[in-house]
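Each remark here refers to the structure printed beneath this line.
Throughout, a chain's letter reflects where its sequence line sits, starting with A, and its residues are numbered from 1.
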Amino acid sequence: MKDAIKKIVVDAAEQAFENGMLPSDQIPDIQIEETKYQTHGDYSTNFAMVSASIQKMSPRKIAQSIVLEIEAGKKGKNRSLVEKVEIAGPGFINFFLSNKAWHPVVDHILDQDKLYGSSNIGKNEKVQVEFVSANPTGPLHVGHGRGAAVGDSVGNILSFAGFSVQKEYYINDSGRQIKTLGTSVWLRLLQKRGEQIDFPEDCYKGDYIKEFANEILKKHGNELIKQDEKDAITVCARLAAKKILQGIKDDLSNFGVTFDQWFSEQSLYDSKRVEKAIDMFKSKDLIYEEDGALWFRTMDFGDEKNRVVVKSSGLTTYFASDIAYHMEKYERGFDRIIDVWGADHHGYIKRIDASVIASGKKSEQFEVILVQLVNLLRGGKPFQMSTRAGRFVTLKEIVDEVGKDAARFMFLSRSYDSGLDFDLELAKQKNSENPVYYVQYVHARITGILLKAKQEKIIHDIDFNRGENLNLLNEPAEIKLIKILNAFRENVEKSAVTLHPHIIFTYLMNLASAFHGYYNRHKVIGDDIKIVKARLSLVLAVKKVIRNGLTLLGVSAPERM
RNA sequence: GCGCCCGUAGCUCAGCUGGAUAGAGCAACGGACUUCUAAUCCGUAGGCCACAGGUUCGAAUCCUGUCGGGCGUACCA
């Protein structure tokens, strides 16, 4: 619709130039915007204002010549959509569209169905979204849930907008935390056998560790005891990590989050990629030795200090494998890499950015979505979490208690740029305070209407792909609904460009509100069969758009509630 | 100290690639079920958009500074 309006404006401007009403044929970058107020029509453009310096004329004068040309060119194809054009304020040109301009939108939605809202602005660009990537040393907690919801939705939205997306989970299955995990399990196992052991401060204290210890003791206890402690710990680590990872996969799956690939950190060592990356940067003099350690010159790329890649002990740091990992991603052919991280990792961005640029990529090819922390509350009071102390609320707990849909909707309701208060008591409530029901209710309500219409033999099927009598949709509430439906694709695109899923949330709330208002004011199944058919077409279109939007957020669209 | 995020209605937050009269949910108050689902709707009330400068025809939006809150500043992961 906006494109059609833009064409009208541009055509008129060209015509005005030919007629000598405008001195220049230069067309600046203009905006066609939806208006905030009914009195300003449906769309407005700032053409006159931004052309003022080019044309060396006052905005209102420019606007006048444009309006004159539009009215003169009544025969133009798009022109018939416009009922009235007005000049307002400092020089806005306001367009009032006729109702019939909107009616085809309904047909278009019914026809496009699940594809409605999709686009190709991504041009199949290869994008990788990496998220969650929690260490397999314990179950996922609430904070991971937010990252999972954001990453998964961003992936969905980018795909829908025409990007070629791969979602990946990076498994930190190497290094010290895995060793700590093994030690934790091993010590619990020994305790279980009755040995008196002081459990170290830096080991994982969660109950799940004790459970693993029990299990391993039963299954492999006798063999383990005979082994060297060092080997036994390694075995414990391997078994526990495998078990935990499976738990993470299950939790994510129950949360509706899927990954295309699970990438192992250890594999980077096995394939010598870490070693090779270090050698490569050494040869470029970007890695040097000092105090017995190897340092990467991240300061050359704006970091506040250089960073260690190999400690004086000879062990590599996390940063070392991350350098290799990101290089490997580009080798796989991705044009863009998006990492979803918790805000507590923001100091890490410069470092990775430096290594990415050092490896010859452009800064824009690496982006980090920084998800601000989830502030967990219980009945309004802060609820502190610590993995080590074993006191935390897991993602599974949340999903079991409030449901996948409510949890995901909650996580995506706000921009991730802001911290999120997640109150356990509130989230557990299944009442109207939860916005997810507000939107899902639209879908269920419409299904109810369609089922009734089918029962009364008004329609054969509750799903159809052609509207009927759309020209009878002339109630203001109906036109308003169609306008919102029409804006869906634009919202998806905006969401994709800004990488902000909450735009979809806001859109859905807005659409749901418009629908509920319409529903309460107008009856779909009434006396006039022609109008009934028109309205059935409209509400079916609403239903499809609600479903498409919810799908992007990973929330289900129920037929009944 | 330095770096990142935030500061908008009583509360939680949208709006931020500058546009005309700043929005929603919750909470408060008053109404609407003999109807396709009241998990809904309609109405009332609620604002120095933290503060101070700057850029602009125009600033909640962009720039600078100040104040306030969160997070981070490891040869941890």
Side-chain angles (χ1 to χ4, degrees), chain A residues 29 31 33 35-37 39-40 44 46 49-50 52-53 58-59 88-92 94 135 137 172 174-178 180 202 265 290-295 302-305 307-319 321-322 342-350 368 370-373 375 380 413-421 423 426 430-442 444-453 455-456 494 497-498 502-503 505-507 509-510 512-513 515-526 532 535-536 539 560-561:
Chain A
D29 193 21
Q31 277 180 0
E33 294 186 308
T35 58
K36 245 187 237 172
Y37 304 97
T39 51
H40 297 152
S44 75
N46 59 353
M49 276 110 86
V50 294
S53 60
S58 79
F92 289 104
N94 293 337
N135 295 341
T137 54
N172 298 121
S174 161
R176 212 180 71 183
Q177 79 282 2
I178 287 294
T180 306
D202 60 354
E265 179 189 14
E290 191 179 294
D291 299 335
L294 290 182
W295 301 70
D303 200 359
E304 54 195 38
K305 54 177 290 193
R307 308 290 177 175
V308 170
V309 286
V310 179
K311 296 184 265 184
S312 51
S313 65
L315 293 175
T316 48
T317 61
Y318 226 67
F319 181 38
S321 49
D322 265 340
D344 52 340
H345 287 76
H346 83 260
Y348 210 70
I349 298 177
K350 274 253 166 68
V368 176
L370 259 198
V371 180
Q372 294 297 315
L373 301 182
N375 186 26
S413 65
R414 308 274 133 90
S415 164
Y416 49 69
D417 292 329
S418 292
L420 180 75
D421 285 344
D423 193 308
L426 275 180
K430 271 202 160 182
N431 60 22
S432 60
E433 275 182 48
N434 212 329
V436 71
Y437 303 118
Y438 187 76
V439 176
Q440 288 185 321
Y441 191 37
V442 172
R445 264 187 158 170
I446 293 174
T447 307
I449 297 171
L450 292 165
L451 282 171
K452 189 180 174 190
Q455 254 172 28
E456 296 186 6
K494 191 176 172 192
V497 169
T498 61
H502 78 274
I503 289 171
F505 170 90
T506 307
Y507 172 83
M509 290 298 283
N510 188 23
S513 168
F515 172 77
H516 286 310
Y518 174 65
Y519 178 92
N520 273 272
R521 192 183 298 248
H522 302 287
K523 211 139 158 61
V524 173
I525 300 176
V532 171
R535 289 182 174 175
L536 285 171
V539 298
R560 246 192 315 275
M561 284 172 71

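- Side-chain contact annotation: Ser321(A) with Glu265(A), donor-acceptor N/O pair under 3.5 Å present.
- Among the protein residues, Leu373(A) comes within range of the sugar-phosphate backbone only, with heavy atoms under 4.0 Å from sugar or phosphate atoms but none that close to a base.
- In this structure, the CG atom of Asp344(A) is 6 Å from the P atom of G72(B), given to the nearest Å.
- Under the side chain to side chain donor-acceptor pair (under 3.5 Å) criterion, Gln372(A) pairs with no residue, sequence neighbours left out.
- Below the 3.5 angstrom threshold, one finds a donor paired with an acceptor across the side chain of Ser312(A) and the base of C75(B).
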Verify side chain to side chain contact (heavy atoms under 4.5 Å, CB included) between Arg307(A) and Trp295(A), making sure each step is shown before the conclusion.
-> CA-CA 5 Å; Arg307(A) 308 290 177 175; Trp295(A) 301 70; 5.8 Å; no
Check: protein-nucleotides 41-47 of chain B nitrogen or oxygen pairs below 3.5 Å:
residue, atom, partner, partner atom, Å
C41(B), OP1, Tyr438(A), OH, 2.4
C41(B), O4', Asn520(A), ND2, 2.9

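- In this structure, Tyr438(A) has its ring center under 6.0 Å from that of His516(A).
- Look at the C1' atom in both C4(B) and G19(B): the space between them is 30 Å, to the nearest Å.
- The side chain to side chain contact (heavy atoms under 4.5 Å, CB included) search around Asp423(A) returns Leu377(A), Glu425(A), Leu426(A), not counting sequence neighbours.
- At the heavy-atom level, Ala343(A) lies under 4.0 Å from the strands shown only through sugar-phosphate atoms.
- Residues meeting the ring-ring contact (aromatic ring centres under 6.0 Å, His included) test with Phe505(A), sequence neighbours left out: Phe409(A).
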Could you run down the sub-3.5 Å N/O contacts of the protein with nucleotides 17-20 of chain B?
residue, atom, partner, partner atom, Å
A20(B), OP2, Lys36(A), NZ, 3.2
A20(B), N6, Ser44(A), OG, 3.2
A20(B), N6, Asn94(A), OD1, 2.8
A20(B), N1, Asn94(A), OD1, 3.4
A20(B), N1, Asn94(A), ND2, 3.1

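- A 4.5 Å side-chain heavy-atom check between Tyr416(A) and His502(A) finds every atom pair outside the cut-off.
- The glycosidic torsion of C33(B) lies within 90° of 0, which places this base in the syn conformation.
- Here Glu456(A) pairs with Lys452(A), Ile458(A), Ile525(A) under the side chain to side chain contact (heavy atoms under 4.5 Å, CB included) rule; sequence neighbours left out.
- Rounded to whole Å, atom C1' of A39(B) lies 10 Å from atom CG of Asn434(A).
- As rounded to the nearest Å, C13(B) and G7(B) have C1' atoms that lie 12 Å from one another.
- The ring-ring contact (aromatic ring centres under 6.0 Å, His included) check on His40(A) picks up Tyr37(A), with sequence neighbours excluded.
- Dashed line: the shortest gap from a side-chain N or O of Lys452(A) to OP1 or OP2 of C36(B) is under 4.0 Å.
- Between Ala88(A) and Asn94(A), the shortest heavy-atom contact is CB-ND2, 3.5 Å.
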Symbol by symbol from the 5' end, with Watson-Crick or G-U pairs under 3.5 Å, [ ] crossing and | another strand, RNA chain B is (((((((..((((.....[...)))).(((((.......))))).....(((((..]....))))))))))))....
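- Rounded to a whole Å, the CD1 atom of Ile525(A) is 11 Å from the C1' atom of U35(B).
- We find that CZ of Arg414(A) is positioned 14 Å from C1' of G23(B), with the value rounded to whole Å.
- Atom P of nucleotide C76(B) and atom NZ of Lys305(A) are separated by 11 Å, given to the nearest angstrom.
- Nucleotides C5(B) and G23(B) have their P atoms positioned 28 Å apart, rounded to a whole Å.
- When the C1' atom is compared between A14(B) and G25(B), the two are found 10 Å apart, to the nearest whole Å.
- Residues that satisfy the ring-ring contact (aromatic ring centres under 6.0 Å, His included) test with His345(A), not counting sequence neighbours, are absent from this structure.
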For nucleotides 2-5 of chain B, which of its nitrogen or oxygen atoms have a protein nitrogen or oxygen under 3.5 Å away, and what is each distance?
residue, atom, partner, partner atom, Å
G3(B), N2, His346(A), ND1, 3.3
G3(B), N2, His346(A), NE2, 2.3
G3(B), N3, His346(A), NE2, 3.1
C5(B), O2', Asp417(A), O, 2.1

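- Rounded to the nearest Å, the gap between the P atom of C16(B) and that of A52(B) is 24 Å.
- Note: NE2 (His345(A)) to P (C76(B)) measures 15 Å, nearest angstrom.
- Annotation: U8(B) and A50(B) have their C1' atoms spaced 10 Å apart (nearest Å).
- For the pair Arg176(A) CZ and C75(B) P, the computed distance is 13 Å after rounding to whole Å.
- The shortest distance between side-chain heavy atoms of Thr498(A) and Ile503(A) falls below 4.5 Å.
- U34(B) and A28(B) have their P atoms separated by 25 Å, given to the nearest Å.
- For Phe319(A) and C75(B), the CZ to C1' distance is 13 Å, given to the nearest whole Å.
- With sequence neighbours excluded, the residues that form a side chain to side chain contact (heavy atoms under 4.5 Å, CB included) with Asp417(A) are Ser415(A), His500(A).
- Leu370(A) has its side chain within reach of Ile349(A): a pair of non-hydrogen atoms, C-beta onward, lies under 4.5 Å apart.
- Contact annotation for Asn172(A): no contact, since no heavy-atom pair falls under 4.0 Å across all strands.
- Taking the nucleotide of RNA chain B with the nearest heavy atom to each of Gly347(A) and Met509(A), the more 5' of the two is matched to Met509(A).
- Listed pair His502(A) / G15(B) meets the phosphate criterion, a side-chain N or O lying under 4.0 Å from OP1 or OP2.
- Tyr519(A) is not listed as a side-chain neighbour of Ile446(A), based on a closest heavy-atom distance of 4.5 Å or more.
- By the side chain to side chain contact (heavy atoms under 4.5 Å, CB included) test, Val524(A) pairs with Ile449(A), Arg535(A), Leu536(A), Val539(A), sequence neighbours left out.
- Using a 4.0 Å heavy-atom distance criterion, Ser415(A) is classed as a sugar-phosphate-only contact.
- C51(B) and A60(B) are spaced 14 Å apart, taking the C1' atom of each and rounding to whole Å.
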